Amino acid sequence: VQAPRGGCSHSTRPPVVTPSLPAAVFLAGILAALPDRNVSPVAGAIFVHELKREHFQGAFPSIRKNYSEIPSDTPITFHAQLLGYPDLPRWLRYTQRGPYRTGYLYGSPTMKDVGRQLIEVTAYNRHTYETVRQRVIFTIVPAPDTQMPYQAEFFVKNRDVEEVLPTDAQKQFQQALDIMLEQKDWSIINITSALDRGGRVPLPIEGRKEGVYIKVGSRRPFSDCLLETKSFDNQFRCSLDQQPVITCYDSFSPQFRVDWCNITLVDLSSLSVTERMPVWGDGVLEDDSEYNPPTDSPEKAFLSDYLLTILLPLLVALLLCLLLAYIMYCRREGVVQMVHHNTIHSNTEELRHMASSRDVPRPLSTLPMFNVRTGERISPLQGRQDRAHVPLILAQEPQQQESDRSQLLGIFVSCPSPVQDFY
């Protein structure tokens with residue numbers, strides 16, 4: 001509270017609170033949004049919605065202030081979800097190769113998905129951490145034409161899914177298909193990445209692609225060219241990792257490398273309408289409802305499983321134990337082996353006990369009883385205390401040397417000298 005310069009005053013006014021710059025940027029980033037956009041996918045046909053970076057780039061608050069200088073290298077990533085849910089609908093997928101590439105929402109809705117769905121798209125600026133939101137209203141309408149009972153799916157090995165989603169790439173594939181089959185009523189139904197079918201991520205080598213499945217449909221039966229790929233000879237070639245032989249011209253090459261061994265043909269013309277259109281649940285329970293599991297399943301007895309998994313291994317183990325006991329205790333070879341093992345074990349224990357306590361008197365069996373050269377008997381107790389820490393061989397060496405000297409001296413005295421004989 002400050003007083004005016006003109007004099008003293010008792011009037012007060014509340015201070016003006018100005019938000020800080022980071023808080024203002026944060027609030028502006030949260031509230032930034034683009035107008036809603038309406039799209040109309042058709043059931044039974046491929047739908048692709050591009051999330052262009054340029055469309056969201058100008059809506060970031062930091063870039064909107066300097067609209068005349070919009071950087072072209074702003075990294076932007078997207079996140080899409082069904083409004084009120086953490087993920088997209090079952091039929092819709094999202095892909096983006098990197099923060100500098102265009103994002104795609106693509107998929108093929110079915111008749112079960114006909115209606116209105118609200119998708120919320122959030123764009124993230126990876127430099128300033130700002131966000132821009134946009135709601136895309138999907139109004140799915142049924143197909144005006146009849147269903148396409150004849151469907152074929154091709155596997156393209158040299159393309160990624162985002163390389164086939166643009167309109168030009170789809171037209172190029174459809175033109176090649178019309179030239180090859182000599183029919184112009186084929187249309188693309190669905191596009192699926194090979195990774196969504198359980199494929200492996202390729203090595204980061206130039207030219208390696210993930211692969212993409214392209215499904216097409218028609219109201220006319222399959223041509224002979226497509227039926228040739230499912231012949232017995234071509235199936236045998238595919239089992240040997242060889243390319244099948246087809247008589248028609250391969251108009252896909254070199255733009256699209258089609259794996260002719262991985263073609264699926266589906267004929268739905270023989271199915272009824274109810275069998276052709278399966279009913280899919282949304283997986284969400286209704287309000288104030290409980291899940292009741294089915295009770296008409298038959299009761300299963302687990303006694304036989306218990307006997308097979310528990311008692312049978314125990315019975316086998318008991319038989320093995322009885323067989324081992326018979327061999328060790330009732331056979332002569334087993335008794336000899338047990339006695340031999342017991343003898344070795346007792347001798348080992350005695351040696352270990354002697355090695356651990358060297359100060360105790362040694363066994364009488366390890367002491368010399370007599371001299372092998374002189375025949376002199378030596379008391380086992382003589383010299384025990386002095387030679388307790390001396391090995392047996394080293395203790396016998398002085399006695400052997402003394403006996404050798406005495407023997408030599410006796411031989412010299414007993415033998416007469418030649419000089420004595422002369423005199």
Side-chain angles (χ1 to χ4, degrees), residues 44-46 90-91 93 95 106-108 110 146-165 169-203 205 207-278 280:
I46 184 64
R90 177 180 52 85
W91 65 273
R93 296 183 181 275
T95 183
Y106 67 99
S108 178
T110 60
T146 58
Q147 296 293 330
M148 300 180 182
Y150 300 96
Q151 299 178 4
E153 189 175 54
F154 299 86
F155 177 63
V156 182
K157 298 185 292 185
N158 64 332
R159 292 296 182 95
D160 293 331
V161 63
E162 63 272 5
E163 298 176 354
V164 187
L165 292 177
Q170 296 184 32
K171 289 182 179 180
Q172 187 178 5
F173 182 86
Q174 192 163 353
Q175 290 175 1
L177 181 64
D178 295 341
I179 294 174
M180 179 178 176
L181 302 181
E182 298 179 355
Q183 298 176 358
K184 294 186 178 181
D185 58 345
W186 290 88
S187 59
I188 298 178
I189 298 177
N190 197 3
I191 298 176
T192 309
S193 173
L195 300 182
D196 297 333
R197 297 286 187 88
R200 296 183 177 180
V201 178
L203 296 175
I205 302 176
R208 296 290 184 90
K209 300 294 183 177
E210 299 172 356
V212 59
Y213 289 90
I214 301 178
K215 181 184 288 186
V216 296
S218 175
R219 291 181 295 272
R220 298 176 60 182
F222 300 116
S223 62
D224 296 337
C225 181
L226 289 179
L227 295 177
E228 285 181 356
T229 60
K230 295 300 180 181
S231 63
F232 177 77
D233 295 338
N234 288 330
Q235 292 296 323
F236 180 73
R237 289 175 175 270
C238 292
S239 63
L240 300 178
D241 294 335
Q242 298 179 3
Q243 289 295 330
V245 178
I246 53 177
T247 58
C248 55
Y249 174 70
D250 186 5
S251 58
F252 292 105
S253 181
Q255 291 82 7
F256 302 95
R257 290 177 51 195
V258 177
D259 187 3
W260 295 106
C261 292
N262 197 1
I263 291 182
T264 304
L265 303 180
V266 179
D267 185 4
L268 302 177
S269 59
S270 60
L271 300 179
S272 61
V273 179
T274 56
E275 294 177 348
R276 188 181 307 171
M277 302 303 300
W280 297 91

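Just so you know, these numbers use all the heavy atoms, side chains as well, and skip hydrogens, waters and symmetry mates. If you're wondering where the values come from, they're calculated on a predicted model, not measured in any experiment.
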Considering non-hydrogen atoms only, spot the tightest contact between A152 and L265 and give its length.
CB-CD2, 3.6 Å

Hey, is NZ on K171 packed in by over 12 heavy atoms from elsewhere, all under 6.0 Å?
no

Less than 4.5 Å apart, side chain to side chain, heavy atoms only: is that true for L177 and F252?
yes

I'd like to know whether I191 forms a side chain to side chain contact (heavy atoms under 4.5 Å, CB included) with Q170, so could you lay out the CA-CA distance, the side-chain angles of the two residues, the decisive distance to 0.1 Å, and finally the verdict.
CA-CA 10 Å; I191 298 176; Q170 296 184 32; 4.2 Å; yes

Smallest separation among heavy atoms of P244 and C261, with atom names:
CD-SG, 3.5 Å

Could you check whether any side-chain heavy atom of K230 comes within less than 4.5 Å of a side-chain heavy atom of Q235, counting everything from C-beta outward?
yes

Under a 4.5 Å cut-off applied to non-hydrogen side-chain atoms, are V164 and I214 in contact?
yes

Criterion side-chain contact (heavy atoms from CB on, under 4.5 Å) against F154, the qualifying member of F173, Y213, F256
F173

Is there a side-chain contact between V258 and M180 (heavy atoms, below 4.5 Å)?
no

Of all heavy-atom pairs linking P149 and S269, the shortest is CB-N, 3.7 Å

Here the gap from R257 atom CZ to F155 atom CZ, rounded to the nearest 0.5 Å, amounts to 10.0 Å

Return yes if some donor-acceptor pair links the side-chain N/O of Q151 with the main-chain N/O of D267 below 3.5 Å, else return no.
no

Just verifying a value: how many Å separate C248 SG and E182 CD, rounded to the nearest 0.5 Å?
8.5 Å

For the pair T264 (side chain) and E153 (backbone), establish whether a donor and an acceptor sit closer than 3.5 Å, ignoring hydrogens and angles.
no

Find out whether D233 and V245 are in side-chain contact, i.e. whether some heavy atom of one side chain is under 4.5 Å from a heavy atom of the other.
no

What verdict does the side chain to side chain contact (heavy atoms under 4.5 Å, CB included) test give for Y150 and R220, after you've listed the backbone C-alpha separation in whole Å, the side-chain angles of each residue and the deciding distance to 0.1 Å?
CA-CA 7 Å; Y150 300 96; R220 298 176 60 182; 5.7 Å; no

Looking at side-chain heavy atoms only, is the closest gap between S193 and E210 below 4.5 Å?
yes

Verdict with reasoning, L181 to C225, per side chain to side chain contact (heavy atoms under 4.5 Å, CB included)
CA-CA 7 Å; L181 302 181; C225 181; 4.3 Å; yes

Return the CH2 to CD distance between W260 and E228, rounded to the nearest 0.5 Å.
10.5 Å

Measuring from M148:CE to I189:CD1, what's the distance to the nearest 0.5 Å?
6.0 Å

N234 and S231: side chain donor to acceptor below 3.5 Å:
yes

Could you walk me through whether T95 and L165 satisfy the side chain to side chain contact (heavy atoms under 4.5 Å, CB included) test, starting with their C-alpha distance in whole Å, then the side-chain angles of each, then the deciding distance to 0.1 Å, before giving a yes or no?
CA-CA 10 Å; T95 183; L165 292 177; 4.0 Å; yes

N158 side-chain N/O to Q255 backbone N/O, donor-acceptor pair under 3.5 Å:
yes

Say you draw a straight line from OG1 of T192 to CD1 of I46; how long is it, rounded to the nearest 0.5 Å?
7.5 Å

Going by atom types only, do D185 and S218 share a side-chain donor-acceptor pair under 3.5 Å?
yes

Tell me the closest heavy-atom pair linking R208 and P202, and the distance in Å.
CB-CB, 4.0 Å

To the nearest 0.5 Å, what is the distance between CG (D224) and CD1 (I246)?
12.5 Å

Heavy-atom closest contact (E163 atom, A169 atom, distance)
O-CB, 3.3 Å

